[in-house]
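Because the structure is predicted, anything quoted here is derived from the model rather than measured. In what follows, every chain begins at residue 1, and chains take the letters A, B, ... in the order their sequences are listed.
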Amino acid sequence: MDGLDRTAPQVTAGIYKYDAYDRQFLRDRVAEFRGQVDRRLAGALSEDEFKPLRLMNGLYLQLHAYMLRCAVPYGVLSSDQMRQFAVVARRFDRGYGHFTTRQNIQFNWIKLEEAADAIATLADADLHAIQTSGNCIRNVTTDEYAGAAFDESVDPRVYAEILRQWSTLHPEFSFLPRKFKIAITGAARDRAAIQLHDIGLAARRDASGAVSFEVWVGGGMGRTPILAYRIRERLPEAETIAYLEAILRVYNALGGRENIHKARIKILVRDVGQARFTELVEQEYARLPRERYRLEPEVVAAIQAHFAPPPFAVLPQADAALAAACDGDAEFAAWVGRNTHPHKVAGYISAVISLKPIGGIPGDCSAAQMDAIADLADRYAFGEVRVSHVQNLVLAHVRKDELYALWQALRPLGLATGNVGLLSDIIACPGLDYCALANARAIPVAQLIAERFADLHRQHDIGSVYINISGCINACAHHHVGHIGILGVDRKGEEYYQITLGGSATNDARIGDIVGPSFAYDQVTDAVETILRSYLAIRQAGELFIDTYRRTGLAPFKEALYATA
Amino acid sequence: MQLLEQGRPAADRWLRVADAAPIPDDVAALIGLERLAEVPAGRTAPLGVVVGPATLPEELAPLLNRVALIAVAFPKFRDGRGFTLGRALRERFRYGGELRAVGHVLPDQHLFLLRCGFSAVEVADGADLAPWTAALGRFHTAYQAMVTDKATLRQCMRRFG
Ligand code: SF4
């Protein structure tokens, strides 16, 4: 301990701080939305006209109520913003929020009459719901360990913020054929799934320190899962916006608009072919007035300043302290083994708060938990919290010698489940419990599986395996890239589940293979157990589930699953 | 139809020529793009064309010195192709004539249209113009440098023109 009271940190970790311009912009946006709701309530806007406008403010009509999806730009929150989510959860929802795979948070019980007030409440903490839905450029997502990860060469938050600004109410790209998602990574390991986005950017730094981007385009999930292709290997930093403009212009002009299922950029790329698509983009790029679109170094520097590292201490004893704590407490040691990620600064570590307690709803967080997490972030992590794309929370910069205290504080809050990357760290979409588009339930399936494997020792024995459960083909839970993907389908009005194996969302991205005929609701857990038993039976030393699958392919699993059928 | 030019109500000096009607040679005439071949080479009165949302800017490039008005049709307000078309005409081809949005557009798109280089928008007869003008005064800041902004402005500099 350095003796300083950090419960109200003077210096928080890098968070983009709004200035007068940004605040004015948000106020204007709230006023605009209030006007739109009023016009809708007065009948001046038809529901058909209102729908895209409310969607661009994150307001969906769900099965039981309106759902408000608030943006957590690239997943980074200050502790005060987390507290404001708690306020919204209490005042406008039923005391809960739901963190999503898009690094956002959703409130499921919003009344239309109160929507503008909810959005104004968010704006009080520089939060908003802009472009969390609609056919526009959505919230840019990135690595949850950005600015902290040991394997990072470029801090992707800087560019994610630049792209957030550029895409905010973009006059030309707010009525695209379909939604448009951009992901960005700056680390060796891709934790942002860039090959599964409309545009994926991998930032690199060359020997001189200059930043450039690998640009991937045309990836996506949904009913036609396609991996992106690399359209540029080394795009200079200054050209980022120009090149993205070129891609978006080609897409906006030529993307399909007749059929909602054929409107994503991946379909355009597939239909015209990668070579032709590249040619179209390069042509468009070559004729843009490049001066105007140049990303000026001053702009980058100004935004970079917001993400300056927090004042890290020199902690020569921290590793020893952590080792001692682990020696003294096996449960803590197991949690550390799963729920932490190596930090680039000696003596620090990133800690993951699992929002997947056994039997809980993946991604759900109560207002009381939000407040408590905010306090812990102030106490232990420079007042900053991240939302990960697997629906967990991350405290990015924790002193190793304070990790034990943090864990002890998390336990009574029900937030110390040591299952990150394990079987019960399931990604599930809201499914039929909330979502108007769902074919089948997803949350209860996740709960059943987690309960079947509730014994953490058993989960440790099985090792890292990602299970993703989507309630319909829209694939909000990314089932295509789960090691085990589960997709809810409708079979004559009954809930059935199709299982895929071998998907991956990282550097070796891959769409999973369908095992065979789908399973009824009450058979899914057995099927998952069969798959994992088969794996345990045939795995070789050191193999994770995904490794075994890649070695053997589908055959042994298929055999086990359908042998008795 | 009511007409808003740069956000202000204006009289429409253009005659919208119906598809089968003859093209008058003594008044400003707005015709469908496909009828362009019927226009005599020596025409002196102003000529305008209505273009569909699928039109690409390069298709219009050869006629830009013949027309004083391009009316871009929005079949549905959700169809945003016209924004890209308008911006390309201004930015790439330096088209300096009138650029009008016609069809189904919403007041909430008014500012976007002007920032993409549109100079006018057609509004249905009888529609309240208040939301249209309110939409232009709504935002005091923006993050993009658009064709209507000062040439020195760059992306993410957060100022209007
Ligand atoms: S995958 Fe389908 S059911 Fe699940 S949240 Fe998305 S749209 Fe709804």
Side-chain angles (χ1 to χ4, degrees), chain A residues 19-25 27-29 31-32 35-36 39 44-45 48-49 51-53 56 135-136 161-177 240-242 245 248-255 257 284 287-289 291-296 298-300 302-303, chain B residues 53-58 74-88 91-94 104-118 127-128 130-131 134-135 137-160:
Chain A
D19 63 8
Y21 283 103
D22 300 305
R23 293 227 166 85
Q24 181 63 50
F25 174 81
R27 275 197 296 274
D28 295 343
R29 180 65 167 177
E32 181 190 43
Q36 288 164 345
R39 276 157 66 216
L45 276 175
D48 184 49
E49 292 172 333
K51 184 176 170 189
L53 303 177
M56 269 184 268
N135 294 337
C136 51
E161 172 59 26
I162 287 168
L163 295 181
R164 182 192 73 79
Q165 296 193 9
W166 160 73
S167 63
T168 295
L169 265 58
H170 195 296
E172 185 179 349
F173 304 131
S174 290
F175 294 89
L176 296 168
T240 323
I241 292 181
E245 286 262 348
L248 264 301
R249 285 179 190 194
V250 169
Y251 171 55
N252 195 33
L254 302 179
R257 288 180 184 266
E284 188 62 43
R287 61 196 175 206
L288 283 178
E291 283 286 286
R292 164 129 272 189
Y293 293 95
R294 197 170 54 218
L295 176 57
E296 298 289 357
E298 311 83 272
V299 171
V300 179
I303 290 177
Chain B
T55 312
L56 296 176
E58 45 271 28
F74 286 77
K76 256 277 165 214
F77 72 98
R78 281 192 295 272
D79 185 339
R81 287 177 288 185
F83 294 99
T84 286
L85 177 57
R87 192 178 182 189
E91 185 179 83
R92 208 168 115 202
F93 296 102
R94 313 213 168 262
H104 188 200
V105 284
L106 300 184
D108 314 84
Q109 295 173 308
H110 197 185
L111 185 61
F112 288 165
L113 285 167
L114 297 195
R115 298 195 72 219
C116 284
F118 283 83
D128 181 8
R138 183 75 76 202
F139 287 95
H140 300 83
T141 178
Y143 294 92
Q144 305 79 16
M146 299 299 289
V147 279
T148 47
D149 292 319
K150 270 205 307 266
T152 49
L153 193 72
R154 297 280 175 272
Q155 308 303 321
C156 301
M157 289 191 175
R158 301 181 307 165
R159 269 172 196 83
F160 273 136

Structural part of Asn252(A) lying under 4.5 Å from a heavy atom of chain B | both
Given that the side chain runs from C-beta out, which part of Pro131(B) has a heavy atom under 4.5 Å from chain A: side chain, backbone, both or neither?
-> side chain
Which bit of Ile241(A) is near chain B, if near means a heavy-atom gap under 4.5 Å: side chain, backbone, both or neither?
-> side chain
Heavy atoms only: give me the nearest Tyr143(B)-Arg164(A) pair and the separation to one decimal.
-> OH-NH2, 4.4 Å
Please look at Arg138(B) and chain A and tell me whether the side chain, the backbone, both or neither of the residue comes under 4.5 angstrom of a heavy atom of that chain.
-> both
Counting only heavy atoms closer than 4.5 Å, note whether Leu53(A) contacts chain B via side chain, backbone, both or neither.
-> side chain
So which part of Gln165(A) gets closer than 4.5 Å to some heavy atom of chain B, the side chain, the backbone, both or neither?
-> both
For the residue pair Pro171(A) and Arg115(B), what are the closest heavy atoms and their distance?
-> CG-NH1, 3.4 Å
Part of Glu91(B) lying under 4.5 Å from any heavy atom of chain A | side chain
Within the side chain of Gln155(B), is there an N or O that forms a donor-acceptor pair under 3.5 Å with the backbone of Arg292(A)?
-> yes
Given Phe139(B) and Gln24(A), is the side chain to side chain contact (heavy atoms under 4.5 Å, CB included) satisfied, shown in steps?
-> CA-CA 8 Å; Phe139(B) 287 95; Gln24(A) 181 63 50; over 6 Å; no
Select, from Glu245(A), Gln36(A), Arg249(A), the one with the greatest count of heavy-atom pairs under 4.5 Å involving chain B.
-> Arg249(A)
Show your working on salt bridge (Lys or Arg N to Asp or Glu O under 4.0 Å) between Asp108(B) and Arg39(A) and close with a plain yes or no.
-> CA-CA 11 Å; Asp108(B) 314 84; Arg39(A) 276 157 66 216; 3.0 Å; yes
Which pair of heavy atoms, one from Phe25(A) and one from Thr141(B), lies closest together, and at what distance?
-> CB-CG2, 3.4 Å
With respect to chain B, which residue among Arg287(A), Glu296(A), Arg27(A) yields the maximal number of heavy-atom pairs within a distance under 4.5 Å?
-> Arg287(A)
Grab the two heavy atoms, one from Glu49(A) and one from Phe77(B), that are nearest each other, plus how far apart they are.
-> CA-CZ, 3.7 Å
May I ask you to name which of Leu106(B), Asp128(B), Leu114(B) has the most heavy-atom pairs under 4.5 Å with chain A?
-> Leu106(B)
In terms of heavy-atom pairs under 4.5 Å, which option from Arg29(A), Glu284(A), Glu298(A) contacts chain B the most?
-> Arg29(A)
Heavy-atom side-chain contact between Leu254(A) and Leu56(B) under 4.5 Å = yes
In terms of the angle between their ring planes, are Phe175(A) and Phe83(B) parallel, tilted or perpendicular, with boundaries placed at 30° and 60°?
-> parallel
Distance-only, no hydrogens or angles: does the Asp79(B) side chain make a donor-acceptor pair with backbone N or O of Arg257(A) under 3.5 Å?
-> no
So, Asp48(A) and Arg78(B), do they make that salt bridge, N to O below 4.0 Å?
-> yes
One option among Arg87(B), Arg81(B), Lys76(B) has the most heavy-atom pairs under 4.5 Å with chain A, and it is Arg87(B)
Contact check, side chains of Glu172(A) and Leu85(B), non-hydrogen atoms, under 4.5 Å | no
In short, His170(A) meets Gln144(B) closest at the heavy-atom pair CA-NE2, 3.5 Å
